[in-house]
Amino acid sequence: MLTLASKLKRDDGLKGSRASATASDSTRRVSVRDRLLVKEVAELEANLPYEGYYQGGKFQFETEVPDAYNMVPPKVRCLTRIWHPNITETGEICLSLLREHSIDGTGWAPTRTLKDVVWGLNSLFTDLLNFDDPLNIEAAEHHLRDKEDFRNKVEDYIKRYAR
C-alpha cells in the first residue's frame with residue numbers, strides 16, 4: 001500500500017509539471033484503478049473472523065489487479081502450500097467470484113471489490129469449504145474417507161508451511 005500511495009503522489013507530481021500534456025486513456029484508467037485500490041486496501045485493515053480446520057495458519061495470497069479492474073476480476077493465487085479441497089497445492093483457487101463468467105451467477109461484476117475477494121477467500125476457510133465440487137479432488141476424497149486424518153494433515157501443513 002505504501003508503494004501504491006507513493007506512486008499516486010509521484011503521478012500527481014508529474015501531472016502538475018506537464019500541464020500542457022494530456023494523459024492517455026491507459027494512464028487515466030490505471031490512475032482510477034490505483035485510487036480504487038488505495039481506498040479498498042484501507043478498508044481491509046480490520047481483522048477478519050477466523051475459525052475451522054485452518055485456524056492458526058498464516059496464508060499468503062498473490063493478487064494481480066489488471067488494468068481493466070474493476071471490469072474484470074483480479075487474479076489470485078495462494079502462495080502458501082495448503083491441503084484444501086478448493087485450493088490446489090500449486091496455489092490455484094476455486095472461488096466463483098474470481099471468474100468473469102460463472103454458471104451459478106455469482107461470478108465477478110464491476111460492483112465487486114477487493115474486499116469481496118478477501119471475504120470470499122476467508123469463506124473458503126470457513127463456511128464455503130466445499131467438498132462436493134472440489135478443485136483438489138484428492139483432498140476432498142481424503143476428507144470423505146477419514147475426517148480425523150484430514151484434520152491431522154491440514155494441521156501438519158499449517159505447521160510446515162503456514163507459520
Side-chain angles (χ1 to χ4, degrees), residues 1-15 23-136 139-140 143 151 154-155 157-158 161-163:
M1 189 164 110
L2 294 175
T3 305
L4 190 56
S6 301
K7 180 184 180 315
L8 288 174
K9 285 180 187 174
R10 185 176 62 244
D11 288 350
D12 286 343
L14 287 174
K15 284 179 190 172
S24 70
D25 287 342
S26 174
T27 305
R28 260 183 267 159
R29 184 173 51 231
V30 170
S31 180
V32 169
R33 179 200 71 169
D34 289 352
R35 290 179 194 285
L36 280 171
L37 293 175
V38 167
K39 180 180 179 230
E40 291 175 24
V41 169
E43 291 174 359
L44 291 173
E45 291 180 347
N47 292 326
L48 294 172
Y50 207 79
E51 58 193 47
Y53 286 115
Y54 302 91
Q55 187 170 10
K58 294 180 182 178
F59 304 92
Q60 293 185 337
F61 293 86
E62 174 182 71
T63 304
E64 179 187 327
V65 181
D67 287 343
Y69 177 81
N70 61 348
M71 297 306 290
V72 297
K75 291 178 178 26
V76 182
R77 199 170 78 83
C78 185
L79 301 177
T80 308
R81 194 163 173 201
I82 185 170
W83 189 242
H84 192 289
N86 307 111
I87 303 173
T88 65
E89 290 186 81
T90 58
E92 297 170 80
I93 300 168
C94 180
L95 183 62
S96 60
L97 73 86
L98 293 176
R99 295 186 205 129
E100 277 190 69
H101 310 285
S102 68
I103 296 169
D104 62 5
T106 60
W108 188 259
T111 55
R112 295 202 182 266
T113 65
L114 287 179
K115 188 181 344 183
D116 296 317
V117 173
V118 171
W119 283 108
L121 292 171
N122 185 64
S123 294
L124 283 180
F125 292 92
T126 55
D127 58 323
L128 282 182
L129 190 60
N130 187 349
F131 295 99
D132 298 325
D133 184 23
L135 183 58
N136 183 344
H143 180 267
R151 178 180 294 281
V154 167
E155 289 172 1
Y157 269 54
I158 289 171
Y161 307 113
R163 291 288 174 191

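FYI, side chains are in, hydrogens and waters are out, and symmetry mates aren't considered; it's all heavy atoms of this structure. What you see is a predicted model, and the numbers here were worked out from it, not measured in a lab.
Residues L79 and Y161 form no side-chain contact, since every pair of their non-hydrogen atoms from C-beta on lies 4.5 Å or further apart. Within the 4.5 Å cutoff, no side-chain heavy atoms of N86 are placed close to those of L95. H84 is not listed as a side-chain neighbour of L135, based on a closest heavy-atom distance of 4.5 Å or more. Counting heavy atoms from C-beta outward, Y69 and L114 have side chains that approach closer than 4.5 Å. Using a 4.5 Å heavy-atom threshold, the side chains of W83 and N136 count as touching. In this structure, L121 and F59 have side chains that are not in contact, with every pair of non-hydrogen atoms separated by 4.5 Å or more. For the pair V72 and E100, the minimum side-chain heavy-atom distance is below 4.5 Å. V117 has its side chain out of reach of T63: every pair of non-hydrogen atoms, C-beta onward, lies at least 4.5 Å apart.
Using a distance-only test at 3.5 Å, with no hydrogens or angles considered, a donor-acceptor pair links the side chain of W108 to the main chain of N70. Using modelled atom types, no side-chain atom of R112 and backbone atom of L98 make a donor-acceptor pair closer than 3.5 Å.
Taking every heavy atom of both residues into account, P66 and P74 meet most closely at CD-CA, 3.9 Å. Scanning all heavy atoms of the two residues, the minimum distance from T80 to K58 falls at OG1-O, 3.9 Å. Shortest non-hydrogen contact noted between G56 and R163 is O-NH1, 3.4 Å.
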Show your working on side-chain contact (heavy atoms from CB on, under 4.5 Å) between C78 and E89 and close with a plain yes or no.
CA-CA 9 Å; C78 185; E89 290 186 81; over 6 Å; no
Between E92 and I87, is a side-chain contact (heavy atoms from CB on, under 4.5 Å) present by the stated rule, with each step listed?
CA-CA 6 Å; E92 297 170 80; I87 303 173; over 6 Å; no
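Note on ring orientation: taking the six-membered ring where Trp is involved, the planes of F61 and F125 are perpendicular (angle over 60°, cut-offs 30° and 60°).
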